[in-house]
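As structure tokens, the structure follows; a few thoughts come after it.
Convention: sequence-line order gives letters A, B, ...; per-chain numbering from 1.
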Protein chains: 2
Amino acid sequence: MANSASGDSVVDRVVRVIEAFPEGADALPLSELAERSGLPLSTAHRLVRQLAGHGLLELGAGGNVRLGLRFWELVSRNSPALALRQAAMPFMEDIQQVLKQNVNLGVLEGWEVLFVERLSRRGSVANRARVAGRMPVHISSAGLALMAHQTPALQAEYLTQFHDPAGKVTAGVVRQMLAETRRQGFAELAGVVDPDTWGIAVPVLDGGRRAVAALGVVVPLAEVRLQALVPALQTAARGIGRQLADLSEFRSTESV
Amino acid sequence: MANSASGDSVVDRVVRVIEAFPEGADALPLSELAERSGLPLSTAHRLVRQLAGHGLLELGAGGNVRLGLRFWELVSRNSPALALRQAAMPFMEDIQQVLKQNVNLGVLEGWEVLFVERLSRRGSVANRARVAGRMPVHISSAGLALMAHQTPALQAEYLTQFHDPAGKVTAGVVRQMLAETRRQGFAELAGVVDPDTWGIAVPVLDGGRRAVAALGVVVPLAEVRLQALVPALQTAARGIGRQLADLSEFRSTESV
DNA sequence: ACACGCCGTACCATTGAATGGAAGCCGGAC
DNA sequence: GTCCGGCTTCCATTCAATGGTACGGCGTGT
């Protein structure tokens, strides 16, 4: 920009600032924010002040910066995420009541699962899925349930670019898992995320039988009762799908 | 800016675009977005494309624009709103279980209540509070509970600027309601939001006995059992307050 | 107590990125 | 086939964005 050759626009920089917040850290010093976003201190300072002027960021005591409630409000109130959540919540509560287990709801974002909602039963097993957190498709039951019910083209693309950093899983294995998931109508993953837990998820299908979300539970390995779990999940998932079709004409015009 | 005399920066415009989404509408045509944000079509178009390039907005079929999941993810994952919600959820579920009523959680934003979470019991009475929605302080029990436990200075400022557009309520009346709320330790509002419902809310206090949030229920007028409701709410509110103090050192560095 | 260093804030000449009117372009309606 | 509305692209003009530099305040180490 003016007087500089950074090669990115103001919008890019604003986005960079927002993205610079590391997951989980609610406040961080300006200098760190500048460094993390790769911006000169002056520039970061100016942008932060402008955003703070609109309430999107809040300036704490010692110049710490954090996201503002106003920002959350603006983005949440019209987000497809909230619409989906709204439609799913009652069903998720039912599941939680009946099965007494952790429930979560995820969507496909890029090549990962983005968890939109989670209900944790106190005293139940740990649930790695965090709200607004991500997980790789191939190591989450929700991910498998989602990917198994995408268009063949998208699945092919996914498998092509697939690469397990740990190097333990090959694209072929994932392909088989997806096929199995599709055949069964639900995804199961034992002891992968956590050694003592079992993840089970079913797809929430839209009119075209494409998965727009996945509904899953995390249960202790000891007490797996597939016969009871799966039908309940599937029923709930259908309910969610119907709700989406009815209420808000929820479309998932994904552009990977 | 360059070649123009609009008087606002790029950041201002980006914010204007985001704010232009009317509450509840998940997608709208570019032209309407441009008009609502008061920007020339060219400019709006450029900004939207840039934001969409980062996934913060998504471009639908006919050039419709909507907020992207990525945006929700970025803003939610580090928002104080999510931290608060996380701490409060188990207690809200308890309340919902025990009292079998709608539960909501709000914070003070500007001179209004911003609802951060809501659990609706199916078949229960209507609940006007929407997640990421707002309500005036003086016509919501959550608002009264929050304002009644702010610093005297802030309360005075609130009462000074207070003006009821409907012209029915005076600042004096609100002052009395706040005093009563403080005296009782909880706020009650009958038939104001909805003629057949009763709203009851208690403050979630921080170390300095300032309200950082309000926990409330909405019950049918017929079945009000204050003796049962209030203690339960207060217990839950204390639990939430403790959780906040423990976990995340939740501070509310409000700058009205 | 003093000096140093770190970090947030303020300043300001330079300059190229942002601007938006106008002209294409596409698709649907009549 | 033609028209219309809305999205998209183009491009000369120009002023807002930039960031190196300097200041001030606070905590730390000596």
Side-chain angles (χ1 to χ4, degrees), chain A residues 1-22 25-68 249 251 253 255, chain B residues 1-22 25-68 249 251 253 255:
Chain A
M1 26 235 50
N3 196 18
S4 147
S6 329
D8 46 17
S9 67
V10 177
V11 173
D12 294 330
R13 298 178 172 206
V14 170
V15 174
R16 204 107 62 74
V17 167
I18 299 169
E19 285 178 336
F21 284 87
D26 58 319
L28 70 172
L30 175 61
S31 56
E32 191 179 336
L33 188 64
E35 190 180 13
R36 292 185 61 89
S37 57
L39 294 174
L41 185 61
S42 296
T43 304
H45 179 244
R46 183 161 24 84
L47 291 179
V48 166
R49 276 184 67 87
Q50 288 187 6
L51 289 169
H54 289 280
L56 303 200
L57 298 182
E58 287 174 11
L59 296 173
N64 302 48
V65 187
R66 65 153 132 184
L67 294 177
E249 182 59 55
R251 295 137 305 179
T253 327
S255 49
Chain B
M1 24 232 53
N3 196 21
S4 146
S6 328
D8 46 17
S9 67
V10 178
V11 173
D12 294 330
R13 299 177 172 206
V14 170
V15 175
R16 205 107 62 74
V17 167
I18 299 169
E19 285 178 336
F21 284 86
D26 58 317
L28 70 172
L30 174 60
S31 55
E32 191 179 336
L33 188 64
E35 189 181 14
R36 291 185 61 89
S37 57
L39 295 174
L41 184 61
S42 296
T43 304
H45 179 247
R46 183 163 22 86
L47 291 179
V48 166
R49 277 185 66 87
Q50 288 187 8
L51 289 169
H54 289 279
L56 302 200
L57 298 181
E58 287 174 11
L59 296 173
N64 303 49
V65 187
R66 65 155 132 182
L67 294 177
E249 182 59 56
R251 293 138 304 178
T253 327
S255 49

Are there over 12 heavy-atom neighbours, none belonging to B:Glu35, within less than 6.0 Å of that residue's CD? no
Send over the distance from B:Asp8 CG to D:dA16 P, rounded to a whole Å. 10 Å
How close or far is atom P of D:dT8 from atom CG of B:Leu41, stated in whole angstroms? 9 Å
From the options C:dA10, C:dG8, D:dA17, select the nucleotide whose nearest atom is closest to the side chain of B:Val10. D:dA17
With a cut-off of less than 4.0 Å, is there a side-chain N or O of A:Ser42 near OP1 or OP2 of C:dT9? no
Distance in angstrom units between A:Leu47 CG and D:dG19 C1', rounded: 12 Å
Looking at A:Arg36, I'd like to know if its CZ atom is crowded, meaning that more than 12 non-hydrogen atoms belonging to other residues, nucleotides or ligands lie closer than 6.0 Å. yes
D:dG6 C1' sits how many Å from B:Leu33 CG, rounded? 14 Å
Value in whole Å for how far the C1' atom of D:dC26 lies from CG of A:Asn64: 14 Å
Whole Å only: how far is the CG atom of A:Asp12 from the C1' atom of D:dT18? 15 Å
Given side chains that start at C-beta, do those of B:Leu28 and B:Asn64 come closer than 4.5 Å, heavy atoms only? no
Phosphate OP1/OP2 of C:dG8: any A:His45 side-chain N/O under 4.0 Å: no
From B:Ile18 CD1 over to B:Leu56 CG, what is the distance, rounded to the nearest 0.5 angstrom? 7.5 Å
Expressed in angstrom and rounded to an integer, what is the separation of B:Glu35 atom CD from D:dC7 atom P? 11 Å
What are the two closest non-hydrogen atoms of B:Phe21 and B:Leu67, and how far apart are they? CE1-CD2, 4.0 Å
On DNA chain C, does the nearest nucleotide to B:Gln50 precede the nearest nucleotide to A:Pro29 from the 5' side, or the other way round? Give the residue. A:Pro29
Looking at D:dG19, I'd like to know if its phosphate oxygens (OP1 or OP2) sit under 4.0 Å from a side-chain N or O belonging to A:Thr43. yes
Heavy-atom nearest nucleotide on DNA chain C taken for A:Leu28 and for A:Val11; more 5' hit belongs to A:Leu28
Nucleotide nearest A:Pro40 (side chain, heavy atoms from C-beta), chosen from C:dG8, D:dA17, D:dG19: D:dG19
Rounding to a whole Å, what distance do you find between B:Leu39:CG and C:dG20:P? 8 Å
Counting only side-chain nitrogens and oxygens, does B:Arg13 get under 4.0 Å of the OP1 or OP2 atom of C:dT19? yes
Tell me whether the side-chain N/O atoms of A:Arg46 come closer than 4.0 Å to OP1 or OP2 in D:dA17. no
